[in-house]
Amino acid sequence: MPPIRLGPRDLLEYSARYGVLICRECQYAIQKSALESHLLKHKIYRDERQRLLSSIAQLELFEPDDVPLPTPDSPPIDALPIISGYRCTAVGCRNLCASSKRMRRHRSEIHGLSDPRNFSSFTRPVKLQTFFRGTKLRYFEVTPLSGAELDEQMHDAGMPLLPPRVRTPPETPPKSSLVDLNLETLTYFHHFTTTTSLTLPSAESPQLATHYWQTDVVLQALGRRWLMCGLLAISACHLAVLADDATVERVHRERSAQFFLEFSNGWEEAANRDLSMEVEEEAKKAGGQMVCILRCAQWASAEYMPDQGIIPEPAAPSQLQSIMTTIRGFGVRSGDDDSQEQTFAQASRILNTRSASNAGSFGAFPPCDNTLSTLLNHLGTLPSRMAEALGKPENTQDVLATLSAIAALVECCVTSFASDEAGTAWRAMATWLIKVPGHFNHMVSRHSRAALVVLAHWAVLVERAEHCGCWFLKGSVRKILLRIAERVPADDFAV
Ligand SMILES: [Zn+2]
Ligand SMILES: [Zn+2]
């Protein structure tokens with residue numbers, strides 16, 4: 001897997017495999033916390049630095065202690081210097097040292113042996129590399145490619161790192177023809193047109209979604225590299241979700257991350273450009289929907305990490321807000337611009353019809369509609385149960401916003417359960433985010449318990465969308481509920 005290069009003169013190199021970002025000039029990996037100062041050191045200022053930092057923010061970077069180390073049979077990492085050192089051959093000990101002096105000390109301190117002769121009987125010369133320097137320095141053994149000429153520089157002074165060296169490039173297979181076909185990329189493209197395009201929702205009309213992704217978007221992507229990268233990123237991500245094997249999944253995820261990086265650079269450029277031409281407007285729209293799908297997938301599949309509250313709220317948008325904003329960014333139109341009164345009227349009409357029909361042997365609603373009935377009954381009584389559990393609300397604006405959000409949820413539930421089609425379920429879920437009053441979003445941002453309880457009910461719609469085929473939401477429901485559980489005491493959660 002080729003590493004990704006970024007920055008002026010390809011200064012930085014990202015390895016998705018190890019989750020590290022290496023400075024090619026300095027020849028070591030930069031810790032996340034030192035990134036900004038490191039870019040300054042290389043005289044990368046203002047806009048350029050911000051742009052670079054936001055690209056880097058899309059990458060998964062591990063803390064030094066969490067970086068997996070290559071196995072001893074791995075080839076050296078190009079961007080890092082190769083150091084001659086020693087491995088201790090004592091049984092069960094795998095200690096690596098860059099100098100013979102240190103190895104002798106290791107032998108006497110750890111193994112209690114101090115015979116100064118016979119050095120080669122307990123060590124083996126090896127080639128070493130390290131991602132980080134200083135306190136995070138950790139050597140790993142590598143096996144240089146046999147074709148590469150490596151100058152045997154013995155290096156015994158305790159200085160762990162050599163100056164940059166010139167190495168002959170690894171042998172490349174002879175070019176068999178002038179046609180450059182990347183079969184891997186074509187596979188992703190094929191998967192998109194034949195499979196993924198059938199699964200994606202559209203912002204406009206659910207009926208046209210397949211045609212939109214299979215034809216309109218593909219044609220636009222064929223004329224714009226950045227958009228094509230977005231398309232391939234979605235396809236790779238889809239294959240990762242479909243994979244049974246963890247290794248295969250990881251490979252697809254890494255590819256997806258690489259495509260995503262190039263896509264988001266182009267997308268940002270397109271978004272900042274002044275666009276008067278209609279064609280560009282279309283490409284921008286497609287790009288916006290791709291960003292949303294990819295971010296949802298990323299959000300849902302990322303390792304679960306509790307909000308640690310290191311940055312004081314609400315300065316940092318919480319994870320919940322971030323997924324809400326992402327889905328809202330998809331650009332689903334709510335169809336009609338209902339006023340709040342209309343939403344309330346609509347909701348109470350639905351709830352009244354519902355309870356009437358429940359009383360009289362299901363009336364207009366088929367009995368298979370049980371989940372929806374239960375859910376609506378639940379929502380109908382939610383305000384009173386919340387009032388009991390949460391006590392007297394702090395202010396009327398909160399009460400109004402909460403009630404309005406519940407009313408909108410009633411409406412969206414009915415839409416969602418009307419069909420098992422992925423596009424419909426997606427729209428119903430996304431529409432709620434657009435219908436809720438701005439004040440409700442504000443309540444979520446300050447972790448109002450009432451708002452979070454309502455949000456937990458919305459998760460049912462997310463679950464339905466996932467269940468109906470929105471694969472890029474896989475895992476998101478669990479994560480949403482975990483996030484809410486973090487903020488809401490258990491007895492409120494029971495509501
Ligand atoms: Zn550097
Ligand atoms: Zn040892």
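Ligands are counted one by one from 1 in listed order, and the atoms in each one are counted from 1 as well. Values below: all heavy atoms of this structure, side chains included; hydrogens, waters and symmetry mates excluded. No experiment lies behind these values; they were computed from the predicted model shown.
For C88 atom SG and H111 atom NE2, the angle they make at the Zn ion (ligand 2) is roughly 110°, to 10 degrees. At the Zn ion (ligand 2), the vertex angle linking SG of C93 with NE2 of H106 is 100° (nearest 10 degrees). For H38 atom NE2 and C23 atom SG, the angle they make at the Zn ion (ligand 1) is roughly 110°, to 10 degrees.
A donor-acceptor pair shorter than 3.5 Å can be found between the side chains of W471 and T199.
Environment of NE2 in H467: sparse, with no more than 12 heavy atoms of neighbouring residues, nucleotides or ligands closer than 6.0 Å.
Salt bridge absent: R94 and E141 never bring a charged side-chain N and a carboxylate O closer than 4.0 Å. Under 4.0 Å is where a charged nitrogen must lie from a carboxylate oxygen, and between R24 and E13 at least one such pair does.
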